[in-house]
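Below is one structure, written out as C-alpha cells; comments come after it.
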Amino acid sequence: MPIVNRFADLLPEITAWRRDIHSQPELLFDVHRTAGLVAGKLREFGVDEVVEGIGKTGVVGLIKGKNSETQQVIGLRADMDALPILEATGLPHASLTDGKMHACGHDGHTAMLLGAAKYLCETRNFSGDVAVIFQPAEEGGGGGREMVNDGMMERFGIDQVFGMHNMPGVPVGKFTIRSGPFMAATDLFMIEISGVGGHAAMPHNCVDPTIAAAQITLALQTLVSRNVDPLENAVVSVTSFHTDSSAFNVIPQQVHLKGTVRTLSPDIRDQIEKRMAEVVEHTALAMGTTAVFDYQRNYPVTVNAAEQTRQAANIARSVVGEHQVDDDALPLMGGEDFSFMLNARPGAFIFLGNGDTANLHHPEYDFNDEAIPYGCSYWVQLVEQLMPASAPS
Ligand code: NI
C-alpha cells in the first residue's frame, strides 16, 4: 500500500496550513495562536473531544473509531513551537516576526498531524480511539513533560505513543528509526569559579580564575576520552566561557562556564555527572580557586520500545517500500522531549526525510512540503494497521 490517495487531494490545503503556521512562529509555551488554530481545525473536522490547556498550552483531540469499545488508544504526537532565530529563507511564507522562526519544522509536524486527523475523522476505518497530541515547548521548555505531568496519558487512556520528526539530509519519502536509545539525554551544567581579581601586571597578588576555568575546560574533555567506556557514547561540550573583566589589564574575580552533556544510557549519565563534580572541585582547588558546580538533568534519553519500533518500521515500509526504511539508523546526540512520553508509555519515534535542505535550527531551513503525503500516510496507516476496523474486540 503506497501513499494514501486522499493526501494528494488534501496536499494544497495541508500545505497552506503549514505555511500559515510558518509565517506566525511562537516560542515555548507561548503558542496561543497555533494552539487555537489547531483546536479550531480539530473541531471543524468533527474530532469527538478537543481539550485545550493540557501542559499549559497543549491540545489533545480524541477521535473515536468504529469499535471504540475495544478500548485501545493510540497517541500520535506533534510539536508546535518555533525557535528564537532570525529567518533568512526569503520565502513568501517566511516569519512575520523578526527573531522567531520555525527552523525545526514543527510547523510541518503540526500540519501533517492535522491532515491525518482530518482523514481519520472522515474515514474512521479503525477500531479503538486515536489521541492526536499537539505539544508546546519542545525546544527546551519540556512541554512533553508538562503534558505527561498533567495526566494526559490517564485522562485519554493512551496505551502507546508515536512521534515523528523531519530530517534534512534524508531523502523525501524515506524513514529512519531504531529500537532502543535513539536520541540523547540533554543535561546542562553551570560552573562558577571564584578567585581574587586585581592588576593584570601583578598576577602574584591575585588568584586568577581564568586559568582555573581553562584547566577545568580541558580536564572535562578527559571524561569522555578517559573515563567512559570507548564503546559507549557521550558528549561533554563547554559552550560558554565568561569572565567578569572586560579590560586588558584586569584579572577577573569570577569566571562562569556553561555547557551541555549528552548521553545515551543512565549509567553513563550518572558516571559523567559524578566525575564532573570531582574534576571541577579538585581542579579549582589545585588552582587556589573555589568552584560552585550546578548540574541540571534536562530531557531523558529517547528510548524506542522494541515491539512498537518493529511495527512502526513495517508500517512505514508499507507506505514507502521495503528499501526506503532504515530501521538501524545511528542514534543522535540531540535530544527530544518526546522522551517523557516514551517514558510514560511504550512507543516509537521516527524520522521522515526532508530532502536536501538546510539543517535543523539553521536560518535558511524550511520544512519540505513534498514530505507531507508521506508523513500523513504513515500516521493514518499506523492507526489503521495497529487497530484494524475488522479486528475482533
Ligand atoms: Ni524539532
Side-chain angles (χ1 to χ4, degrees), residues 26-32 34-35 38-39 42 47 49-63 71-81 104 106 109-110 113-114 116-117 128-165 177 179-188 262-266 269 296-309 311-312 332 334-350 379 382-383 386:
E26 296 175 297
L27 303 183
L28 295 168
F29 289 99
D30 192 18
V31 290
H32 301 284
T34 312
V38 163
L42 295 178
V47 167
E49 193 184 343
V50 179
V51 184
E52 297 175 71
I54 297 183
K56 297 182 184 163
T57 42
V59 181
V60 178
L62 197 70
I63 308 168
Q71 303 274 311
Q72 261 206 82
V73 185
I74 289 182
L76 311 179
R77 172 274 203 175
D79 36 18
M80 299 188 285
D81 58 318
C104 201
H106 298 183
H109 305 160
T110 296
L113 189 54
L114 281 175
D129 298 342
V130 178
V132 285
I133 302 164
F134 296 85
Q135 76 149 83
E138 195 287 319
E139 300 288 358
R145 173 176 48 209
E146 292 296 318
M147 291 187 91
V148 170
N149 289 347
D150 222 352
M152 173 181 75
M153 298 298 180
E154 298 76 19
R155 179 168 179 174
F156 296 96
I158 297 167
D159 304 302
Q160 315 177 54
V161 283
F162 293 86
M164 176 163 44
H165 204 293
I177 192 167
S179 181
F182 196 20
M183 296 188 75
T186 64
D187 297 340
L188 323 170
R262 306 298 171 103
T263 49
L264 290 171
S265 91
R269 194 184 198 186
Q296 293 179 9
R297 292 190 168 213
N298 191 28
Y299 296 172
V301 182
T302 302
V303 183
N304 277 346
E307 176 66 8
Q308 281 76 9
T309 303
Q311 291 170 328
L332 295 173
E336 172 51 71
D337 89 342
F338 185 59
S339 52
F340 291 105
M341 296 190 195
L342 284 177
N343 276 357
R345 293 292 182 274
F349 190 67
I350 198 165
W379 277 144
L382 197 61
V383 171
L386 290 182

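Quick note: residue numbers are just sequence positions, from 1.
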Residues passing the salt bridge (charged side-chain N to carboxylate O under 4.0 Å, His left out) test with Arg262, sequence neighbours excluded, are none
Could you report the tightest heavy-atom contact between Pro136 and Phe29, atom names first, then the distance? CG-CD2, 3.7 Å
Taken in chain and number order and not counting sequence neighbours, the residues that satisfy salt bridge (charged side-chain N to carboxylate O under 4.0 Å, His left out) with Glu138 are none
Stepwise side chain to side chain contact (heavy atoms under 4.5 Å, CB included) test for Val73 and Val130: CA-CA 5 Å; Val73 185; Val130 178; over 6 Å; no
I need the Phe134 CZ to Ile54 CD1 distance, nearest 0.5 Å. 12.0 Å
Filter on side chain to side chain donor-acceptor pair (under 3.5 Å), then keep only pairs touching residues 336-346, sequence neighbours left out; what's left? Arg77-Glu336, Arg77-Asp337, Gln135-Asp337
With side chains defined as the heavy atoms from C-beta onward, is the minimum distance between Leu342 and Val161 less than 4.5 Å? yes
Could you give me the CA-CA distance, side-chain angles and deciding distance for Glu49 and Ile63, then say whether side chain to side chain contact (heavy atoms under 4.5 Å, CB included) is met? CA-CA 7 Å; Glu49 193 184 343; Ile63 308 168; over 6 Å; no
With respect to Met164, which candidate in Ile177, Leu113, Ile350 satisfies the side chain to side chain contact (heavy atoms under 4.5 Å, CB included) definition? Ile350
Does any N or O in the side chain of Thr110 come within less than 3.5 Å of the main-chain N or O of Asp79, such that one atom is a donor and the other an acceptor? yes
Would you say Val60 and Val132 make side-chain contact, with heavy atoms under 4.5 Å? no
Are Val38 and Leu114 packed together at the side-chain level, in the sense that at least one heavy-atom pair is separated by less than 4.5 angstrom? yes
Looking only at heavy atoms, what is the nearest atom pair of Val301 and Pro181, with distance? CG1-CB, 3.8 Å
First locate atom CG of Leu386, then atom CD1 of Ile74, and finally report the distance between them rounded to the nearest 0.5 Å. 4.5 Å
Kindly give the heavy-atom pair with the smallest separation between Ile133 and Gly75, and that separation in Å. CD1-CA, 4.1 Å
Mind checking the NZ-CG spacing from Lys56 to Leu28? Nearest 0.5 Å is all I need. 9.5 Å
Please collect all side chain to side chain donor-acceptor pair (under 3.5 Å) contacts where either partner lies in residues 142-154, sequence neighbours excluded, each pair once. none
Atom pair CD (Glu139) and CG (Leu27), whose distance is rounded to the nearest 0.5 Å: 9.5 Å
For Glu307, give me all partners under salt bridge (charged side-chain N to carboxylate O under 4.0 Å, His left out), at least two apart in sequence or on another chain. Arg310
Is the backbone of Asp81 close enough, under 3.5 Å, to the side chain of His106 for a donor and an acceptor to pair up by distance? yes
So side chain to side chain donor-acceptor pair (under 3.5 Å) across residues 179-188, not counting sequence neighbours, yields Thr186-Asn298, Asp187-Arg269, Asp187-Tyr295
Would you indicate whether the side-chain heavy atoms of Asp129 and Gln72 approach each other to under 4.5 Å? no
Once you round to the nearest 0.5 Å, how far does CD of Glu26 lie from OG1 of Thr34? 3.5 Å
Could you work out, with side-chain contact (heavy atoms from CB on, under 4.5 Å) as the rule, every residue matching Ala344, not counting sequence neighbours? Val148, Met153
Yes or no on side chain to side chain contact (heavy atoms under 4.5 Å, CB included) for Thr302 and Leu332, after CA distance, side-chain angles and deciding distance? CA-CA 10 Å; Thr302 302; Leu332 295 173; over 6 Å; no
Contact summary for Glu52 and Ala39, nearest pair of heavy atoms: CD-CB, 3.5 Å
Once side chain to side chain donor-acceptor pair (under 3.5 Å) is applied, do any residues pair with His165, and if so which ones, sequence neighbours excluded? none
Identify the two heavy atoms, one from Tyr299 and one from Ala137, that lie closest to each other, and give their separation to 0.1 Å. OH-O, 3.7 Å
Sequence neighbours excluded, which residues qualify as salt bridge (charged side-chain N to carboxylate O under 4.0 Å, His left out) partners of Arg297? Asp270, Glu273
Please enumerate all residues that pass side chain to side chain donor-acceptor pair (under 3.5 Å) together with Thr57, with sequence neighbours excluded. none
Pairing residues for Phe156 by the ring pair (Phe, Tyr, Trp, His ring centres under 6.0 Å) criterion, not counting sequence neighbours: none
Apply ring pair (Phe, Tyr, Trp, His ring centres under 6.0 Å) to Phe162 and list each qualifying residue two or more places apart in sequence or on a separate chain. none
